[in-house]
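Below: the structure, in structure tokens.
Residue numbering restarts at 1 for every chain, and letters A, B, ... go by the order of the sequence lines.
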2 protein chains.
Amino acid sequence: MGIADRKAREKEDLRNLILKSAKKLFVEKGVEQTTIRSIAESIDYSVGTVYLYFKDKNAILYALHSQGFSQLSGDFKVLYNVSDPLERLKALCKVYIQFAGDNPDMYDLMFNLKAPMEFLDAINEGEWNEGKGAFDVLHTTVKQCISEGHFTGHKSEPLAFMVWSLVHGMCSLEISKRCIGVNIKNPETIVSEGFAEFAKLITRL
Amino acid sequence: MGIADRKAREKEDLRNLILKSAKKLFVEKGVEQTTIRSIAESIDYSVGTVYLYFKDKNAILYALHSQGFSQLSGDFKVLYNVSDPLERLKALCKVYIQFAGDNPDMYDLMFNLKAPMEFLDAINEGEWNEGKGAFDVLHTTVKQCISEGHFTGHKSEPLAFMVWSLVHGMCSLEISKRCIGVNIKNPETIVSEGFAEFAKLITRL
DNA sequence: TTGATAAATGAACAATGTTCATTTATTTTG
DNA sequence: CAAAATAAATGAACATTGTTCATTTATCAA
């Protein structure tokens with residue numbers, strides 16, 4: 001059916017238009033300041049139409065949340081070129097940090113906002129495939145580091161979690177501007193400096 | 001003036017009552033679900049009265065934010081008993097993690113919520129003494145580790161930031177339940193296991 | 001007792017997320 | 001092609017929020 005196809009395509013298009021506009025407004029004005037009305041208005045549709053495509057505001061947040069993880073996964077693809085596991089581990093952290101720095105609002109949405117996860121709870125049984133995929137890349141890399149003789153006596157999963165926590169913590173603190181409040185000398189470069197210390201630290205192991 | 005004193009005390013009392021009740025509701029129902037009306041109702045005062053004692057909702061959040069840092073600083077006091085800097089550094093992390101685990105909602109309010117920081121921006125020039133104090137304890141400890149021969153070739157401030165990021169990241173990921181979504185085998189123990197890996201790692205340096 | 005000051009009230013407002021009866025557009029049917 | 005059926009879109013209406021402020025009530029000083 002060509003007509004059904006076209007209608008499906010049109011529905012998909014409008015759905016994407018809503019998401020695109022919502023993301024733009026989120027980045028510009030923040031999640032809380034972005035109203036369904038403003039989203040609707042920005043694409044010249046009525047409020048009700050938005051609710052025809054998304055159950056509620058959290059559903060929009062979750063959809064963007066998913067898009068964010070797709071993008072991050074895409075960014076991770078450059079890691080295929082790095083054969084040495086330890087170098088790949090460090091490169092992975094850098095890609096992660098770069099992503100957070102380039103898309104702070106998106107990062108916040110993905111990791112700090114609770115709304116998308118609540119939506120996830122409500123829908124299925126907490127299955128969060130995007131996040132799982134990203135963590136697996138890290139975990140696998142750590143395992144490869146270990147099997148190449150690094151991190152002797154360490155367990156892969158807690159170690160991977162530790163690395164994730166480290167980079168996530170740096171990005172979160174930077175994004176929420178807690179570094180500035182705490183009077184760090186160079187808030188602009190503290191993340192890369194902090195990570196450099198970590199890289200130095202693990203290179204010897 | 002005894003009367004003026006009593007009145008000042010009464011004002012202080014009511015202010016604290018509002019805070020106490022607000023904190024209780026925040027912990028029970030979450031920050032967003034707690035309305036000014038519900039706070040007022042729970043202490044049998046009218047909505048307007050709450051606004052007599054706090055400029056707006058963010059002011060309440062910031063007051064609790066400050067209380068949280070006071071509590072954390074208090075918890076840090078046990079560290080005076082630990083003379084070895086490296087042991088003290090590890091103990092500091094443990095106290096931090098313990099605090100976050102015991103008061104997840106408070107921790108979230110202190111480190112993830114943007115509202116209190118926005119309030120801070122609005123009032124004075126981003127001076128955030130409570131946070132500064134807590135970071136200084138960490139920074140000083142790291143410096144002492146270095147002067148005792150640990151972490152050779154590392155810079156104290158970025159290293160302190162790295163440690164802070166690590167524990168903050170672990171606590172944040174745990175509190176926001178991202179660990180569960182990502183299919184970590186034992187989400188209940190991953191924080192202590194992750195930290196154990198870190199402790200093992202720095203003990204050799 | 002009375003007037004002034006401070007404290008407390010709650011109705012009212014604007015903004016928000018959300019719903020749903022109604023209208024409009026599109027497709028299918030006779 | 002007209003009419004019925006289906007799908008899509010609308011926006012007025014509702015409940016709930018943070019916030020304000022004219023009014024009332026309580027407290028104190030003269």
Side-chain angles (χ1 to χ4, degrees), chain A residues 1-19 21-23 25-26 28-64 109 113-116 118-119 122-123, chain B residues 1-19 21-23 25-26 28-64 109 113-116 118-119 122-123:
Chain A
M1 267 305 199
I3 287 175
D5 281 2
R6 196 209 65 216
K7 291 196 105 180
R9 222 180 316 128
E10 279 175 357
K11 281 199 81 168
E12 183 80 10
D13 284 351
L14 185 44
R15 201 188 125 94
N16 285 332
L17 185 63
I18 293 171
L19 281 179
S21 169
K23 181 176 172 180
L25 288 169
F26 285 154
E28 275 173 16
K29 316 228 174 195
V31 170
E32 310 233 305
Q33 298 305 316
T34 302
T35 70
I36 305 286
R37 280 174 181 82
S38 69
I39 296 171
E41 200 178 358
S42 75
I43 57 173
D44 294 318
Y45 275 87
S46 72
V47 191
T49 305
V50 176
Y51 281 90
L52 243 46
Y53 289 80
F54 294 95
K55 187 182 149 288
D56 53 21
K57 198 179 178 181
N58 279 3
I60 300 179
L61 291 175
Y62 182 72
L64 288 176
L109 183 65
L113 228 64
K114 27 197 156 286
E118 279 167 16
F119 176 83
I123 297 298
Chain B
M1 268 305 204
I3 287 174
D5 281 1
R6 196 208 66 215
K7 292 193 105 176
R9 223 179 315 128
E10 280 175 358
K11 281 199 80 167
E12 183 80 9
D13 284 350
L14 185 45
R15 201 188 126 95
N16 286 332
L17 185 64
I18 293 170
L19 281 179
S21 168
K23 182 177 172 180
L25 288 169
F26 285 155
E28 275 173 16
K29 318 229 174 194
V31 171
E32 310 232 306
Q33 297 306 316
T34 301
T35 70
I36 306 285
R37 279 173 182 82
S38 69
I39 295 171
E41 200 177 357
S42 75
I43 57 172
D44 294 320
Y45 275 88
S46 73
V47 192
T49 304
V50 175
Y51 280 90
L52 241 47
Y53 289 79
F54 294 94
K55 189 182 147 286
D56 54 20
K57 198 179 179 180
N58 279 4
I60 301 179
L61 291 176
Y62 182 71
L64 290 176
L109 182 66
L113 227 65
K114 27 196 156 285
E118 279 167 15
F119 176 83
I123 296 300

- Message: I'd like to know if the side chain of S21(B) and the backbone of S42(B) have a donor-acceptor N/O pair within less than 3.5 Å.
- Response: no
- Taking K29(B) for its side chain and T35(B) for its backbone only, find out whether a donor-acceptor pair lies under 3.5 Å. no
Report, as yes or no, whether the 6.0 Å neighbourhood of atom [atom1] on [X] holds more than 12 heavy atoms from other residues, nucleotides or ligands.
{"X": "E41(B)", "atom1": "CD", "value": "no"}
{"X": "E32(A)", "atom1": "CD", "value": "no"}
{"X": "E10(B)", "atom1": "CD", "value": "yes"}

Rounding to a whole Å, what distance do you find between [X]:[atom1] and [N]:[atom2]?
{"X": "I39(B)", "N": "dT19(D)", "atom1": "CD1", "atom2": "C1'", "result": "13 Å"}
{"X": "K55(B)", "N": "dT19(D)", "atom1": "NZ", "atom2": "P", "result": "8 Å"}
{"X": "E41(A)", "N": "dA9(D)", "atom1": "CD", "atom2": "C1'", "result": "17 Å"}
{"X": "L14(B)", "N": "dA6(C)", "atom1": "CG", "atom2": "P", "result": "17 Å"}
{"X": "L52(A)", "N": "dT24(C)", "atom1": "CG", "atom2": "C1'", "result": "13 Å"}
{"X": "I60(A)", "N": "dG17(C)", "atom1": "CD1", "atom2": "C1'", "result": "11 Å"}
{"X": "E10(A)", "N": "dA25(C)", "atom1": "CD", "atom2": "C1'", "result": "12 Å"}
{"X": "Y45(B)", "N": "dT24(D)", "atom1": "OH", "atom2": "P", "result": "21 Å"}

- Message: Looking at S46(A), I'd like to know whether one of its side-chain N or O atoms comes within less than 4.0 Å of OP1 or OP2 on dT10(D).
- Response: yes
- Message: Measuring to OP1 and OP2 of dA9(D), would you say a side-chain N or O of Y53(A) lies under 4.0 angstrom away?
- Response: yes
- Check whether any side-chain heavy atom of I36(B) sits under 4.5 Å from a side-chain heavy atom of F54(B), and report yes or no. no
With the criterion being N/O to N/O and under 3.5 Å, what pairs connect the protein with nucleotides 15-17 of chain D, and how long is each?
none

- Between V31(A) and V47(B), whichever has its closest DNA chain C nucleotide further toward 5' is V47(B)
- Side-chain atoms of T49(A) come closest, of dA9(D), dT20(D), dG17(C), to dA9(D)
- Note on the structure: Ranking dT19(D), dT10(D), dG17(C) by distance to the side chain of Y51(B), first place goes to dT19(D)
- Query: What are the two closest heavy atoms between R15(B) and Y53(B), and how far apart are they?
  - Reply: NH1-O, 3.9 Å
